[in-house]
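Single-structure report; data block below.
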There are 2 protein chains.
Amino acid sequence: MSTQKMGLRELKKQQTRENISHQATRLFLEHGFDKVTIADVAEAAQVAKMTVTNYFPRKEDLVFDLGEEFVQSLARTVRRRAPGESVLASLRRAYLAAVAEHDPVIGFSGPAFARMIDASPALTARLREFHDEREKALADALATETGAGPDDILPRVAAAQLGGVHRLLFDETLRRTIAGQGDPEIAAVLTRYIDAAFGLLEPSLGGYAVRPTG
Amino acid sequence: MSTQKMGLRELKKQQTRENISHQATRLFLEHGFDKVTIADVAEAAQVAKMTVTNYFPRKEDLVFDLGEEFVQSLARTVRRRAPGESVLASLRRAYLAAVAEHDPVIGFSGPAFARMIDASPALTARLREFHDEREKALADALATETGAGPDDILPRVAAAQLGGVHRLLFDETLRRTIAGQGDPEIAAVLTRYIDAAFGLLEPSLGGYAVRPTG
DNA sequence: CCTAAATTTAGAATCAACCTAGTAATATGT
DNA sequence: ACATATTACTAGGTTGATTCTAAATTTAGG
């Protein structure tokens, strides 16, 4: 990931990718996602169109740099939860922490970015896909953690409920950001919403998949 | 909706639309969604390409004829629930009924159709969008039913949980259909899954939005 | 029959996505 | 250091969904 142990070739690839991504983001925020073509991005980054497509197979990928991090976030939180902690408690704790630091991964991406996503059906669809992947990753983690079989539906139901809450709060963060509210204000509201949403899940999931102590 | 009180023009439009949809479905099931072009559909239906696009703005719309029905189904069930019945109970009852009659709207669409969707990222994405619209429609219905304000998140959390379960069961139906299981067999499994999934929601949502008696 | 409105058509333009063959740069083995 | 194999990049073209236009056709309503 870092520049450690990286040859000249890897370094240049990193630079090319970053340059393309940077130019694309700049153009998208300036003119809107749909108004900027792949050719525009290629020209701004001084590379061939094909090079843009090589690094970012879909145009939407130019926007969501944190996609992989986003997809893995819930599954990772669950896997790393402390002994004696339930899945629900670990996710709630992690979410509160992310809210406190205005983490972009939960939606604190700034007004321009939020507007750009909201204005583009293609980006909204891609975001939906990420939510889906994240839920699937969580379901897999839950199945592994609880030793459930492939036909056991409980991990998937739990993942749907938990993923649903996270998606909801993400959308709310975006919505309020677009409405012009500041991050601290949104964070305050989210804290209350977290209590309502996770609190509702407490009776059904509070005792689910508590990691054994020791 | 019916052919009642319909002039010649409306009738022909209906026929044109049905013809296009029918030819498209036939071609898609035969060759796969991605292998058939809009031009192919237009040629088979003996109309101009533009006419296909006029009736079905997106290529995916040629496939999902029951889309609007699908989107409204949960909200309508909730609005029509009996006095004294909770939202959760009404949805559970409606789902069991749909399973019993192998309703296409919950995923009983036949192996060829299921495979077609599964094989096409565009159709999968469109289906995701429908799930999303359905959840939003349900959230609106719940907000109206409970007289919740626009900043009340409870209806949206409930809709996310309920919509999540429905999406899960839909996907499971598709998955098993693709795996070659017959409708009766799938219906039997679903009945058990319904108990597990709705049962898990019982403690959190069992008392939510019970319609007043009288 | 005649005119207005709606529908359908043919044709072109745009652009994302994909493909291919060739060129340039880097890495590797001697 | 040099030759050769890999890998990255480029240039150019193809496909197909989507959008737009103006013209032709069809229907509705006098």
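Keep in mind that what you see is a predicted model, and the values were worked out from it rather than measured. First the proteins, then the strands, lettered A, B, ... as listed; each starts at 1.
- In this structure, A:D61 pairs ionically with A:R126, as a charged nitrogen and a carboxylate oxygen lie closer than 4.0 Å.
- Note: CG (B:L11) to P (D:dT26) measures 16 Å, nearest angstrom.
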Below 3.5 Å between N/O atoms, which protein atoms pair up with nucleotides 14-20 of chain D? Just atom names and distances, please.
| from | atom 1 | to | atom 2 | distance (Å) |
| --- | --- | --- | --- | --- |
| D:dA17 | OP1 | B:K59 | NZ | 3.0 |
| D:dA17 | OP2 | B:I38 | N | 3.0 |
| D:dT18 | OP2 | B:K59 | N | 3.0 |

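- Atom CG of A:D61 and atom P of C:dA16 are 14 Å apart (whole Å).
- The CZ-P distance, from A:F28 to C:dC15, rounds to 13 Å in whole Å.
- Ring planes of B:F130 and B:F64: perpendicular class, angle over 60° (limits at 30 and 60°).
- Atom C1' of nucleotide C:dT8 and atom CD of B:E10 are separated by 15 Å, given to the nearest angstrom.
- In this structure, A:K13 atom NZ and C:dA25 atom P are separated by 17 Å, rounded to whole Å.
- Following rounding to the nearest Å, A:L8 (CG) and D:dA8 (C1') show an atom-to-atom distance of 12 Å.
- As rounded to whole Å, 12 Å separates atom P of C:dT8 from atom CD of B:Q14.
- For C:dT8, the OP1/OP2 oxygens have a side-chain nitrogen or oxygen of B:T16 closer than 4.0 Å.
- A distance of 12.0 Å separates CZ in A:F28 from CD1 in A:I117, rounded to the nearest 0.5 Å.
- B:A159 approaches B:E135 most closely through the heavy-atom pair O-CG, 3.4 Å.
- Contact annotation: A:K12 does not reach the phosphate of D:dA8 (side-chain N/O to OP1 or OP2, under 4.0 Å).
- Checking C:dA27, D:dC9, C:dA6 against every side-chain atom of A:R9, the shortest atom distance belongs to C:dA27.
- Taking every heavy atom of both residues into account, B:A122 and B:F33 meet most closely at CB-CE2, 4.2 Å.
- D:dC9 atom P lies 11 Å from atom CD of A:Q15, rounded to whole Å.
- The existence of a salt bridge linking B:R128 and B:D132 is excluded, since no basic side-chain nitrogen approaches an acidic carboxylate oxygen closer than 4.0 Å.
- Between B:Y55 and the phosphate of C:dT7, there is no side-chain N or O to OP1/OP2 separation shorter than 4.0 Å.
- Contact record, B:L201 with B:L162: CD1-CD2, 3.9 Å, taken as the closest heavy-atom pair.
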